[in-house]
Structure formats: structure tokens, C-alpha cells
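What follows is a short report on a single structure.
Sequence lines set the chain letters: A, B, ... in the order given, protein chains first and strands last, and positions in each chain run from 1. Keep in mind it's a predicted model, so treat the numbers as computed, not measured.
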Number of protein chains: 2
Amino acid sequence: MASLDTVFAALSDPTRRAILQMLLEDDMAVTDVAEPFEMSLAAISKHLTVLTSAGLISQEKRGRVKWCKLEPDALRDASIWMQSFGQFEAVNLDAFEAFLAKELPEENA
Amino acid sequence: MASLDTVFAALSDPTRRAILQMLLEDDMAVTDVAEPFEMSLAAISKHLTVLTSAGLISQEKRGRVKWCKLEPDALRDASIWMQSFGQFEAVNLDAFEAFLAKELPEENA
DNA sequence: CCCATGTTTAACCTATTGGTTGAAAGTTGG
DNA sequence: CCAACTTTCAACCAATAGGTTAAACATGGG
């Protein structure tokens, strides 16, 4: 599992965040990911490697084409980490459980 | 207002995240922030500058001592950005527990 | 079998990052 | 005033990041 280090580092680049936004719509081939950006395909390829290392996307080769797919699970740790600051005064598991029990009664995913 | 770039970049370093964790407890002087780390005070001073630029902390000088204060609001933009990925609006409790066990092994506040 | 297409690799460049040490600057107590 | 304390600055260094171009690799179609 990718570390918070790599996930946050991957998210710190605007090109990579834009790529993630695009992949939110649908899976895409590398060439199509690169198309809207004013940089070389090689640069985009590197960005995709970074995103893959962070676990934020996965890449599957079918034929000549490598498809990129969003993997939102990797964002979960980062999101949780932030919420421990943004929404809770301290990291208090009991309070968090109480909050969840009240707020998300059927959540079990 | 700090950009997502700077906020995520600031969060990508484990020393800086540890500092934020410490400041969650209480405001601290620079020297006290540095104490648990095995690096120079100057290095910590730089980390604090990065965190300040990202808006994640603020620093106020009182006498000789510069006090560091957590500014959790700065995480809001990043949090909002993440929530645009609808998949994890709802925090998974199991994931949260596993995350806490891994990230904060000895803290059970 | 060729050739075009899709993607990565290699080599390179520059800027930035994260660390060091040592000196400097501001502040306060005795 | 002076010495001690707190913090930053300056110069430096090695490693990494993000980009380039050109070549190489991989695959599918005619």
C-alpha cells in the first residue's frame, strides 16, 4: 500500500490532479490522457507512473493501448488523515465512532 | 490563500505531518517542536516555513520565542478537492481504525 | 512482413528539496 | 552591558522532480 508520503506528493502536482479529474469520468488510454496537456507524451507517461506508484490509478495494457483507471482507495487514507485535523479537535476514536454511528447508520463498505 | 499544490506538497513530508500531529495537542515553540527530531534546528525551521507558506500553521513571536499554532482550516480546500471524488465522502470506519493503528501506534487519546 | 500506432526508456538539463554547519540577529535576565 | 537563549540566514551539498528530445520497444492491421 502506498504511503501517505507518495500519495500527497502525487497530489501536489496540478497536472496529476487534472489527470485524476479526467479519469473520474472514465478510463482512458495514455495518449488520450496526454492530449489536452501542452507537454510531451513522455512527461505524461512519467506522471502516470507517479500516480500508479501512489496507488491512485492502475494501468492495464490491452493490445498496444495502456488503459488508465482511477483507484480512489489510495485517497482514502489521505482523506481520513485530513479529516482527523479538519473535523475533529483531536484524534479521538470514541468520538469518531459516535459520529459515524449517528451520521452514517448504514455505512459498511 | 495557499494553493492545493503547496498544501499537498507540505503534507507529503513525514516530518511535517508529525509536526502537525504535535501541534494538534497544543501550540509549541520552535525549539520544542524540534526536540523529538534527529535533525538540526535549522532544518525544522525550514519545515515550519513550508508549513506556514501552505497556511497549515501560523507563527507568532512573543519575546524571544516563536510560537507555532495549527491552522486546520487550511486543510479545507484539500479536503473539498478530495470530496469531489465522491467515492469516499463517507469515511470507512474499518479503514480509519486500520489507519490509526498503523499511523499512531502508541497514541490512544 | 512492413509500417504506423502507442508507450516507455535513456540521456540530459535545470530547479527544487531536504539536509548540513556556522555565523548572525533579536531578546531577555542578571 | 553582557551572556545566554531562540531562531533564522547563508552557503553549501546530494538527491529528486519535472521537463525535454530522440531512440527503442510492443503490437496490430493491411
Do B/Val30 and B/Trp67 touch side chain to side chain, with heavy atoms closer than 4.5 Å?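 No, every pair of side-chain atoms sits at 4.5 Å or beyond.
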Mind checking whether B/Phe37 and B/Met22 have side chains closer than 4.5 Å, heavy atoms only?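 Counting from C-beta outward, B/Phe37 and B/Met22 do come under 4.5 Å.
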Nucleotide [N], atom [atom2] - distance to [atom1] of [X] in whole Å:
| X | N | atom1 | atom2 | value |
| --- | --- | --- | --- | --- |
| A/Leu51 | D/dG18 | CG | C1' | 13 Å |
| B/His47 | D/dT8 | NE2 | C1' | 15 Å |
| A/Asp5 | D/dT16 | CG | C1' | 14 Å |
| A/Leu48 | D/dG18 | CG | C1' | 14 Å |
| B/Lys66 | C/dG26 | NZ | P | 13 Å |
| A/Met39 | D/dA17 | CE | P | 16 Å |
| A/Asp32 | C/dT7 | CG | C1' | 13 Å |
| B/Phe37 | D/dT7 | CZ | C1' | 17 Å |

Residue whose closest nucleotide on DNA chain D lies nearer the 5' end, A/Gly63 versus B/Val30: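 The residue mapped nearer the 5' terminus is B/Val30.
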Find the distance between CG (A/Leu70) and CG (A/Asp27) and round it off to the nearest 0.5 Å.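 Separation between the atoms: 8.5 Å.
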Rounded to the nearest 0.5 Å, what's the gap from CG on B/Leu51 to CG on B/Leu11? Could you check?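 Rounded to the nearest 0.5 Å, the CG-CG separation comes to 8.0 Å.
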Measuring to OP1 and OP2 of C/dT7, would you say a side-chain N or O of A/Ser45 lies under 4.0 angstrom away?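 It does not, given that no N or O in the side chain of A/Ser45 lies less than 4.0 Å from OP1 or OP2 of C/dT7.
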If you only use heavy atoms from C-beta on, which nucleotide in [options] is closest to the side chain of [X]?
| X | options | value |
| --- | --- | --- |
| A/Arg64 | D/dT27, C/dG18, D/dT7 | D/dT27 |
| A/Lys46 | C/dA11, D/dA22, D/dC9 | C/dA11 |
| B/Ala42 | D/dT7, C/dT21, C/dG19 | C/dT21 |
| B/Thr31 | D/dT7, D/dG19, D/dC9 | D/dT7 |
| A/Ser40 | D/dG19, D/dT7, D/dT21 | D/dT21 |

Check every strand shown and say whether A/Ala29 touches a base, only sugar-phosphate, or nothing at a heavy-atom separation below 4.0 Å.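 Since only primed, P, OP1 and OP2 atoms lie under 4.0 Å of A/Ala29, the category is sugar-phosphate.
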Contact class for A/Arg62 vs. all strands (heavy atom < 4.0 Å): base, sugar-phosphate, or nothing?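 No contact.
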Compute whether any side-chain donor of one residue and acceptor of the other, for A/Thr49 and A/Thr52, lie under 3.5 angstrom apart.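 Checked: A/Thr49/A/Thr52 side chains show no N/O donor-acceptor pair below 3.5 Å.
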